[in-house]
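Numbering starts at 1 and runs along the sequence shown. Note that the structure is a prediction, hence the values are computed from the model and not measured.
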Amino acid sequence: MKILIINGPNLNLLGKREPGIYGSSTFEDYLEKLREAYPDVVINYFQSNLEGGIVDTLHEAGYPGTIQPEREGEERPDGIILNAGAYTHTSVAIHDAIKAIPVPVIEVHISNVHQREDFRHHSFISPAAAGIIIGFGLESYRLAIDSFINRLK
Ligand code: DQA
């Protein structure tokens, strides 16, 4: 099984950024643990602070070769785990990109956005997502992997 994790803006600063909310582990350290825990799953990772970078990556995952012609003919991932960061609350373009591709996308959040500011309570991603996992810290990503594994059994 092949899974693609996409992290949006400011998530490159995990470990340094507001550790009281997001924890003190870097995403790279957590990713290493995830890969060890799921040796049979290919876990690819992409992070961008740019909305267009996330849209391009969703297109490429859904239709390999669309953005990077040299990837034409590659297999699609079986699932995408997306933490769109702040774009969750603003991005119609990411919503549309999820709807445009034939790969299920699970929306994840590290923090429980519903316990936080009102502007974090609305998600443009949720209506397009196959499922939503919120508030389990970095374990939100593992729960999403488990969900794809169980779905594909
Ligand atoms: C976040 C929650 C968002 O509101 C915030 O903008 C982030 C991270 C989370 O994982 O808890 O950057 O998506």
Grouping I, L, V, M, F, W and Y whenever their side-chain heavy atoms are under 4.5 Å apart, do Phe27 and Val41 come out in a common cluster?
yes
Non-hydrogen side-chain atoms of Ser111 and Glu18 separated by less than 4.5 Å
no
Under 4.0 Å between a Lys/Arg side-chain N and an Asp/Glu carboxylate O for Glu36 and Lys33?
no
Mind checking the CD1-OG spacing from Ile132 to Ser140? Nearest 0.5 Å is all I need.
12.0 Å
Can you check whether Lys2's main-chain N or O pairs, donor with acceptor, with Asp78's side chain at less than 3.5 Å?
yes
To the nearest 0.5 Å, atom OG of Ser91 lies from atom CD1 of Ile54 at 7.5 Å
Would you kindly confirm whether Val108 and Ile149 end up in one hydrophobic cluster when ILVMFWY residues are joined by side chain heavy atoms under 4.5 Å apart?
yes
Polar side-chain atom of Asp29 near backbone of Ser25 as donor-acceptor pair, under 3.5 Å
no
What's the separation between atom CZ in Arg120 and atom CD1 in Ile134, rounded to the nearest 0.5 Å?
12.5 Å
Heavy-atom closest contact (Ala130 atom, Pro104 atom, distance):
CB-CB, 4.1 Å
Does Ala129 offer a backbone N or O that forms a donor-acceptor pair with the side chain of Glu107 under 3.5 Å?
no
Do Val42 and Pro77 have side chains that get closer than 4.5 Å, going by heavy atoms?
no
Closest heavy-atom pair and its distance - Pro9, Tyr87:
CD-CD1, 3.4 Å
Is any side-chain heavy atom of Ile106 closer than 4.5 Å to one of Ser147?
yes
Find the distance between OG1 (Thr90) and CZ (Phe124) and round it off to the nearest 0.5 Å.
7.5 Å
Using the rule side-chain contact (heavy atoms from CB on, under 4.5 Å), only one of Leu138, Asn7, Ile43 pairs with Leu31; which is it?
Ile43
So, do Leu14 and Leu11 sit near enough that their side-chain heavy atoms are less than 4.5 Å apart?
yes
Interatomic distance, His121 atom NE2 to Arg116 atom CZ [nearest 0.5 angstrom]
9.0 Å
Is the CD atom of Glu117 crowded by more than 12 outside heavy atoms at less than 6.0 Å?
yes
Joint cluster assignment, Ile125 & Ile80, ILVMFWY side-chain distance < 4.5 Å:
yes
With a sphere of 6.0 Å drawn around CZ of Phe136, does it hold more than 12 non-hydrogen atoms of other residues, nucleotides or ligands?
no
How about Tyr22 and Asn10: does a side-chain donor come under 3.5 Å of a side-chain acceptor?
no
Go through the steps for Ile81 and Ile6 under the test side-chain contact (heavy atoms from CB on, under 4.5 Å), then give the verdict.
CA-CA 6 Å; Ile81 299 169; Ile6 303 176; over 6 Å; no
Just checking, any donor-acceptor pair under 3.5 angstrom between side chains of Gln47 and Asn49?
yes
Quick check: does any side chain N or O of Asn44 sit under 3.5 Å from a backbone N or O of Ile3, one acting as donor and the other as acceptor?
no
In this structure, CG of Asp146 is separated from CD of Glu139 (nearest 0.5 Å) by 9.0 Å
Parallel, tilted or perpendicular for His109 and His89, by the 30°/60° rule?
parallel
Using modelled atom types and a 3.5 Å cut-off, is there a donor and acceptor pairing between side-chain atoms of Glu60 and backbone atoms of Gln68?
yes
Grouping I, L, V, M, F, W and Y whenever their side-chain heavy atoms are under 4.5 Å apart, do Leu143 and Leu34 come out in a common cluster?
yes
What verdict does the side-chain contact (heavy atoms from CB on, under 4.5 Å) test give for Leu82 and Ile98, after you've listed the backbone C-alpha separation in whole Å, the side-chain angles of each residue and the deciding distance to 0.1 Å?
CA-CA 10 Å; Leu82 171 63; Ile98 295 169; 3.8 Å; yes
Arg76 to Tyr63 six-membered ring, cation-pi geometry met (6.0 Å, 45°)
yes
Are Phe148 and Tyr45 connected in a single hydrophobic cluster, I mean Ile/Leu/Val/Met/Phe/Trp/Tyr linked by side-chain heavy atoms less than 4.5 Å apart?
yes
Check this for me: does any side-chain nitrogen of one of Arg71 and Glu74 sit under 4.0 Å from a carboxylate oxygen of the other?
yes
Using the side-chain contact (heavy atoms from CB on, under 4.5 Å) rule, take Tyr141 and Ile5 through it: C-alpha gap first, then chi angles, then the decisive distance, then the call.
CA-CA 8 Å; Tyr141 294 85; Ile5 297 176; 3.8 Å; yes
In sequence, state the C-alpha distance, the side-chain angles, and the governing distance for Ile94 and Glu51, and then conclude on side-chain contact (heavy atoms from CB on, under 4.5 Å).
CA-CA 7 Å; Ile94 295 175; Glu51 187 175 20; 4.2 Å; yes
Would a 4.5 Å heavy-atom cut-off, applied to side chains only, mark Tyr30 and Thr26 as touching?
no
If I compare all heavy atoms of Val103 with all of Gly62, which pair ends up nearest, and what's the gap?
CG2-CA, 4.1 Å
